[in-house]
> 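What follows is a structure written as structure tokens; I'll ask about it next.
Order of the sequence lines fixes the chain letters, A, B, ..., with proteins taken first and strands second; residue numbering starts at 1 for each chain.
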There are 2 protein chains.
Amino acid sequence: MKALSIKDIAVKANVSITTVSFIINGKAKEKSISEAVIEKVEKIIEESGYKPNQIARSLRTGNSNIIGLIVEDISNSFFAKIARLIEDKAYKRGYKIIYSSTENNIGKAQELINLFKTRKVDAYIISPIKGLEEDVQALLNEDKPVIFFDRNLPELKTNYVGADHFNASYQSVESFIKEGRKNIALVTTDIDVQQITERFEGYKKALVDNKFDYKEELVVKIHFNQDEEATIKEIKTLLENQTLDAVLFATNYLAISGLKALKQLNKKIGADLSVIAYDDHEAFELHTPGISTVQQPLEEIAETVIKLILSQLSSKSKLPEEQIILPTKLIIRD
Amino acid sequence: MKALSIKDIAVKANVSITTVSFIINGKAKEKSISEAVIEKVEKIIEESGYKPNQIARSLRTGNSNIIGLIVEDISNSFFAKIARLIEDKAYKRGYKIIYSSTENNIGKAQELINLFKTRKVDAYIISPIKGLEEDVQALLNEDKPVIFFDRNLPELKTNYVGADHFNASYQSVESFIKEGRKNIALVTTDIDVQQITERFEGYKKALVDNKFDYKEELVVKIHFNQDEEATIKEIKTLLENQTLDAVLFATNYLAISGLKALKQLNKKIGADLSVIAYDDHEAFELHTPGISTVQQPLEEIAETVIKLILSQLSSKSKLPEEQIILPTKLIIRD
DNA sequence: TTGATGTAGTAAAACGATTTACCATAACCA
DNA sequence: TGGTTATGGTAAATCGTTTTACTACATCAA
């Protein structure tokens, strides 16, 4: 039971392959195919359940109607949700998404780009990591649409959509200060990506602007790929040794580890300790007390990414690079 | 800057396309190409960074080295984690995964299968829904490897890997009974899939075996696609009107809604109320008190799925259908 | 009558690989 | 000597589309 080909349809309809192709691609009118033939062919296609072979189509046209999405870790709820939203929106416009996780590993990221390249994806949506500059530049040189989200590689001239990470942590710190907190800690990671540094800068700037000292011992940088045990341990050390009364977590998984650490120490959030997490997570809403979070506008990010990609795909001419920074929202819970 | 083709390499090396192809595919020895030529060609390939066009390759060979993964919702942590594991394992064996969500919508699921078909994926991993029988049968008729996971469509002769849902809820109920609970409720969904019915049957059987009455008013079936608000409301009604002292939730997202309902009602889990959730979630571990859960063996499921798929892909001959049921683990927290 | 224009459609090249069938030449044996 | 086998390689068909360039006929205006 081999699949039907366009040739089978042509034979059945007693017309040429060309004619069938024109009809399939909606060019029948413009190529002046008669109404009678169009109907006949369409009927045969309908009845036989013929579907064009996309591989052959891709080979000939050079594009695949597939958009490649490269994220850090698809099982992280932030990326999973964005991926789902992007998938939905792309799907409605006739594009498929194929996605993959880099695990913050440059080698894997490079391999993925190569893989997507050999699959001729039409465009790339990437949450990039340092070290990927050359590979991305190569894509740009081939005039492939590339769009970064969540993180940016500022030295590259490309589109970027992300949240205002700087202001997000700036506001978080100010919110702590308004509450009367004096010793505000930051738990962040050591991956060297723009979004993380911006969160760090916002933290520092807010402290300084409010005449607080920036104290190095209140900042913990967790090594990215270490296992959760170790992370919890480090956070416990921070929590035990300091007189701190507020903690800002720079990612949702760090906040989750932090909450576990608090639980193990039997420390409660409340009168003498405030917490804000970055990126929402079901666990934060359910926690008692509720955990305040910085929420990124997932829906808008996804929508903007897709819009930019599609406008680039449709207009052959190169569009100006846009850096779109969307505001975050601080959700205070208790 | 167009990408290089095999022809470019052939010209550069001053040999035929055939020769280059043999070398790329490791058939040089067997086709008696001299060592000198092999080295020369390999060097040129290396230096030029040539990568074969997978689309052309797929068109010719009829397979794509891509496995299609169809799940209910990729942003659900259960599926996201499984997807990530499967992706990893497949990747190591030279296969790519492309995945997509059905949203429990038959139309969308059918479209996805069609889409994957026209993309010539080599195999399908599906968490199926009722109504997909015909489409899957069509795949089987074309001798495409298909493997179900999490859920099954028992009338189809295909491979299935899943957890022992019946025993999982049976044990959960027994655990409640041992605790001394008398009125055990079940919150489940109205989607008609085997895994959900099994969980329901296990619940009933455990009650009956322990000489409890099965009471219909203690079971709530939540409509699948309704928004969370409505779900929470229904669960609140259950919690308020009944004398119940234990609740088993049949999925993780129902449990999360349930916890939110409890929070809104200001009811605490403890002396007069026990809860068990299906499928783990970070929120359950962090919750105070910790929420007991039924854990599915994600790693084993992923590994088994990939193993079955690969053995089917490598042996041309049809393998016997296997139904692999893996045990779950009840994690008691407090 | 002629040249232009429109209508209806087709043949064949091209996309970039794999694979089958084949061609030389040399070597070897009986 | 002639037949077989091994060595080293290539030409061309093929996969299923899209697209360009063409044919053949009819109609119409000048």
> Side chains of B:Asn104 and B:Thr102: any donor to acceptor distance under 3.5 Å?
no

> Any side-chain to backbone donor/acceptor pair from B:Ser58 onto B:Asn63? Under 3.5 Å, distance only.
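Side chain of B:Ser58 to backbone of B:Asn63: a pair is present.
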
> When rounded to the nearest 0.5 angstrom, what is the spacing between CD in B:Glu42 and CD1 in B:Ile38?
6.5 Å

> State the CG-CG distance between A:Asn53 and A:Leu4, to the nearest 0.5 angstrom.
11.5 Å

> What pairs of nitrogen or oxygen atoms, one from the protein and one from nucleotides 3-6 of chain C, lie under 3.5 Å apart?
none

> Distance check needed: D:dC15 C1' versus A:Ile17 CD1, whole Å only.
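Atom-to-atom, A:Ile17 to D:dC15, this comes out as 12 Å.
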
> Please report the distance, rounded to the nearest Å, between CG in B:Asn65 and C1' in C:dA17.
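That distance rounds to 14 Å.
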
> Measure the spacing between CG of A:Leu308 and CZ of A:Phe149 and express it to the nearest 0.5 Å.
13.0 Å

> How many Å lie between CD1 on A:Ile9 and P on D:dT18, as a whole number?
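After rounding, the gap between these two atoms is 13 Å.
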
> Can you pull out every salt bridge (Lys or Arg N to Asp or Glu O under 4.0 Å) where at least one residue sits in residues 120-136 of chain B? Sequence neighbours excluded, please.
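Checked against salt bridge (Lys or Arg N to Asp or Glu O under 4.0 Å) - neighbours excluded - the pairs reaching residues 120-136 of chain B are B:Lys130-B:Asp192.
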
> Could you state the atom-to-atom distance from NZ of A:Lys7 to P of C:dA11 in whole Å?
12 Å

> Produce the list of close N/O pairs, under 3.5 Å, pairing protein atoms with atoms of nucleotides 26-29 of chain C; give distances to one decimal.
none

> Atom CD1 of B:Ile45 and atom C1' of C:dA17: how far apart are they, to the nearest Å?
13 Å

> Would you mind checking if A:Glu47 and A:Lys12 are paired as a salt bridge, meaning a charged N to carboxylate O distance below 4.0 Å?
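Salt bridge between A:Lys12 and A:Glu47, a charged N being under 4.0 Å from a carboxylate O: no.
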
> Using heavy atoms and a sub-4.0 Å distance, could you list which residues of residues 18-26 of chain B are near DNA chain D? By number, please.
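Here the set is B:Thr18, B:Thr19, B:Phe22.
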
> Hey, could you give me the CZ/CD distance between B:Phe22 and B:Glu30, rounded to the nearest 0.5 Å?
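Output value for this atom pair is 8.0 Å.
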
> Going by the side-chain hydrogen bond (donor to acceptor under 3.5 Å, both in side chains) test, which pairs reach into residues 92-101 of chain A, not counting sequence neighbours?
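Found A:Glu87-A:Tyr99, A:Arg93-A:Glu303, A:Lys96-B:Ser100, A:Ser100-B:Glu87, A:Ser100-B:Lys96.
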
> Between the protein and nucleotides 26-29 of chain D, list the N/O to N/O atom pairs that are separated by less than 3.5 angstrom.
none

> Under 3.5 Å between N/O atoms: give me all the protein pairs with nucleotides 22-25 of chain D, atom names plus distance.
none

> Compute the angle between the rotation axes at the two ends of the helix from C:dT1-D:dA30 to C:dA30-D:dT1, each taken over five pairs, rounded to 10 degrees.
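Computed from the C1' atoms at both ends, the axes differ by 70°.
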
> Looking only at the side chains, is there a donor atom on one of A:Asn65 and A:Gln54 sitting less than 3.5 Å from an acceptor on the other?
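A:Gln54 and A:Asn65 do not have a side-chain donor-acceptor pair below 3.5 Å.
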
> Residues of residues 27-42 of chain B with any non-hydrogen atom less than 4.0 angstrom from an atom of DNA chain D: list those, numerically ordered, please.
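Listed by number, they are B:Lys31, B:Ser32, B:Ile33, B:Ser34, B:Val37.
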
> Nearest 0.5 angstrom please: A:Glu322 CD to A:Thr304 OG1, how far?
10.0 Å

> Quick one, B:Lys108 with A:Asp88, criterion side chain to side chain contact (heavy atoms under 4.5 Å, CB included). Give me CA distance, side-chain angles, the key distance, then yes/no.
CA-CA 11 Å; B:Lys108 177 136 191 241; A:Asp88 272 10; 4.0 Å; yes

> May I ask you to check whether over 12 heavy atoms, not counting those of A:Lys40, lie within 6.0 Å of atom NZ?
yes

> How long is the span from the OG atom in A:Ser75 to the CD1 atom in B:Ile82, to the nearest 0.5 Å?
11.5 Å

> Under 4.0 Å, heavy atom to any atom of DNA chain C: which of residues 48-61 of chain A qualify?
A:Leu59, A:Arg60

> Can you find a heavy atom in the side chain of B:Ile129 that is under 4.5 Å from one in the side chain of B:Ile191?
no

> Under 3.5 Å, is there a donor on one side chain and an acceptor on the other for A:Asn159 and A:Gln323?
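There is no such pair between these side chains.
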
> Run the salt bridge (charged side-chain N to carboxylate O under 4.0 Å, His left out) check on B:Lys89 and B:Glu299 step by step: do they pass?
CA-CA 10 Å; B:Lys89 290 172 198 299; B:Glu299 181 83 30; 2.8 Å; yes

> What pairs with A:Arg151 under salt bridge (Lys or Arg N to Asp or Glu O under 4.0 Å), at least two apart in sequence or on another chain?
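With neighbours one apart ignored, the set is A:Glu72.
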
> Can A:Gln137 and A:Asn141 be counted as having a side-chain donor-acceptor contact under 3.5 angstrom?
yes

> Does this structure show an ion pair linking B:Lys117 with B:Glu111, if we count only N-O contacts that are shorter than 4.0 Å?
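Here B:Lys117 does not pair with B:Glu111 in a salt bridge, since their nearest N and O are not under 4.0 Å apart.
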
> Does the B:Ser21 side chain pair with the main chain of B:Ile17, one donor and one acceptor, at a distance under 3.5 Å?
no

> Search all heavy atoms of A:Thr158 against all heavy atoms of A:Val146 and return the closest pair with its distance.
OG1-O, 2.9 Å

> Kindly write out the residues that satisfy ring pair (Phe, Tyr, Trp, His ring centres under 6.0 Å) with A:Tyr124, not counting sequence neighbours, or none if the list is empty.
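Listed in chain order: nothing, the list is empty.
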
